[in-house]
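We count ligands from 1, going down the list as the structure has it; atoms in each ligand are counted the same way. As the structure is a computational prediction, the values presented were derived from the model and not from experiment.
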Amino acid sequence: MTPSVRVAHGLEPIEGCTVVVPVARDEEGLLIPRGLPGEFSGAVVPDRIDSAWATRQGFEAKVGQTFVLRTMGSPTVILCGIGDAASADAEVWRRVGAAAMRASSRGAEAALLLPLPSTIETRAVAQAVAEGALLASSRPIASKTTPSDDAPTGFVVVPVAFEGVSDEDRELVDEGAARGSTVAEAVCWARELINRPAAQLTPRRFAHEALRRLEDDPNVTVDIWRDTEIENERLGGLLGVAAGSLEPPRLVRATYSPPGATSAPHVVLVGKGITFDSGGLSLKTPDGMTTMKTDMTGAAIVLGALSVAARLGASAKVTAIAPLTENLPGNRAMRPGDVLTARNGTTIEVLNTDAEGRLVLADGLSLAVELEPDAIIDVATLTGAVRIALGPDVAAILGSDASLVSALRACGEAQGEALWELPLVDSYESHLDSDVADVKNIGKPGQAGTIVAGLFLRRFTGGRPWAHLDVAATGRAEADDGYLLKGATGFSLRTLVAYLLSL
Ligand code: BES
Ligand code: MN
Ligand code: ZN
């Protein structure tokens, strides 16, 4: 169920809502922001908080911490911590939006009193709370016979200010909330695809879903390559991985062209789209396979990001390329020792069929290079090693262009999606030397797996400015946390959107 976001101006009462009140803290104690109304929708809004009382309740106004105040016959009021008032950034407000939805009652709206001016720009704060609220509460339709319905029906941003909200601020709040809804909806779309069981999201089905979403987006064209085109176009990496499955591969190519712009910068996004990764003949263990329906995360992310760029009218031209296939063992499957020829003519000795992501990305990146873009960014659940290196909260970024990498890192930082750069160590190139082909698809066991995978990909980037995001660890959350829900996170989609909109 996806709750909606709206803005309520002028303190009009909202039937049955839960009222959420931000609370800051400083050295002196807890602070209710200036300018809140004394009453909202029949609920008394506190104008101060007794510090000794709050301490006894264990409420310290930490970011996203909530405390519920119930009075019979009037709406529930929820205090929601924003931490140190001076340092509340967009990430804090996203977490406030999320906490507001998590703590509010089901079956009615959650209304957040949003004090203006805020610590950050008005449009940005409205966007952040809307994003956080939607991301925390849009639970995908699962396959439970009795679906749980534990979220409020909607989220209402109620801007308030000491001397009344200016017309200008009203407009900015409307814009920000709308933008936040657009971004969060796309993340929820991607998450839903990522969480879908592999039997229900085959390459064909994925391509169909992508087409269904993107075909109505403004200034977007979508091509889907089927078996014969994939063969005719010599996508040897994709064909090799697909050989073991009865399900045919697909390649989705979507392009957003900003209207009237002839000299717009062109960014090509490439996403790994393995709808199920069993490892192939180099079979994974049962445990290693349990989450492998999510191995098409990169593909969902890049298509979602393109969709948002189009809906928000980005100035850059954007192409998204998503090679889609299963990686299964079978009597037609590629074998360890087989040699594939990628789209750009590079021959690849496949020594481990479980290093399949780089094989399909080899073709995707080759196609990207042919478009002669200004930048190429790929997103992939590429290596288990990235979890060892950086853990579940930080994704690896590697790239051939320092300014592209630093721009993406800055966008990630602002979006609460941390990216840490790993080096493309030239001397490790030799780890990829093959006796029989131009390159082999694995390096040395236990040695810099994420970096060597990056070096492999670099061979297909034709010297273009390129960055690679390895989201193998950050793509999934083990539990509900802030605006993340257990399962797919959609990590890096918002960063890509921020980057595309910055051009
Ligand atoms: N899809 C996996 C990577 C992965 C692992 C994603 C765990 C999410 C969680 C990828 O295709 C893979 O199997 N990589 C191998 C590469 C190795 C064989 C060189 C890995 O990381 O073990
Ligand atoms: Mn694999
Ligand atoms: Zn994989």
Quick check: of its N, O or S atoms, which one does [X] have closest to the Zn ion (ligand 3)?
{"X": "D295", "value": "OD2"}
{"X": "D277", "value": "OD2"}
{"X": "E356", "value": "OE2"}

Option set [options], criterion heavy-atom distance to [atom], minimum:
{"atom": "atom 5 (C) of ligand 1", "options": "M292, E356, R387", "result": "M292"}
{"atom": "atom 12 (C) of ligand 1", "options": "D354, T291, I274", "result": "D354"}
{"atom": "atom 17 (C) of ligand 1", "options": "G449, P445, A355", "result": "A355"}

> Is there a donor-acceptor contact under 3.5 Å linking the side chains of T119 and W93?
Replying inline: yes

>> Counting backbone and side-chain atoms alike, is an N, O or S atom of K272 positioned under 2.8 Å from the Zn ion (ligand 3)?
In response: yes

>> Is D354 close enough to the Zn ion (ligand 3) that one of its N, O or S atoms comes in under 2.8 Å?
In response: no

>> What's the separation between atom CE in M289 and atom CG in L283, rounded to the nearest 0.5 Å?
In response: 4.0 Å

Write out the residue and atom name of the closest protein heavy atom to [atom], then the distance separating them to 0.1 Å.
{"atom": "atom 16 (C) of ligand 1", "result": "R358 NH2, 3.8 Å"}
{"atom": "atom 20 (C) of ligand 1", "result": "G384 N, 3.9 Å"}
{"atom": "atom 14 (N) of ligand 1", "result": "L382 O, 3.4 Å"}

>> Check this for me: E413, atom CD, are more than 12 non-hydrogen atoms of other residues, nucleotides or ligands nearer than 6.0 Å?
In response: no

> Can you find a protein heavy atom under 4.0 Å from atom 22 (O) of ligand 1?
Replying inline: no

>> Within the 4.0 Å heavy-atom shell around A472, which atoms of ligand 1 are there?
In response: 6 (C), 8 (C)

> By number and element, which atoms of ligand 1 are closer than 4.0 Å to a non-hydrogen atom of T381?
Replying inline: 1 (N), 2 (C), 3 (C), 6 (C)

>> For distances below 2.8 Å, what is the count of protein N, O or S atoms around the Mn ion (ligand 2)?
In response: 4

> What class does the angle between the rings of W466 and H468 fall in, given that below 30° is parallel, 30 to 60° is tilted and above 60° is perpendicular?
Replying inline: parallel

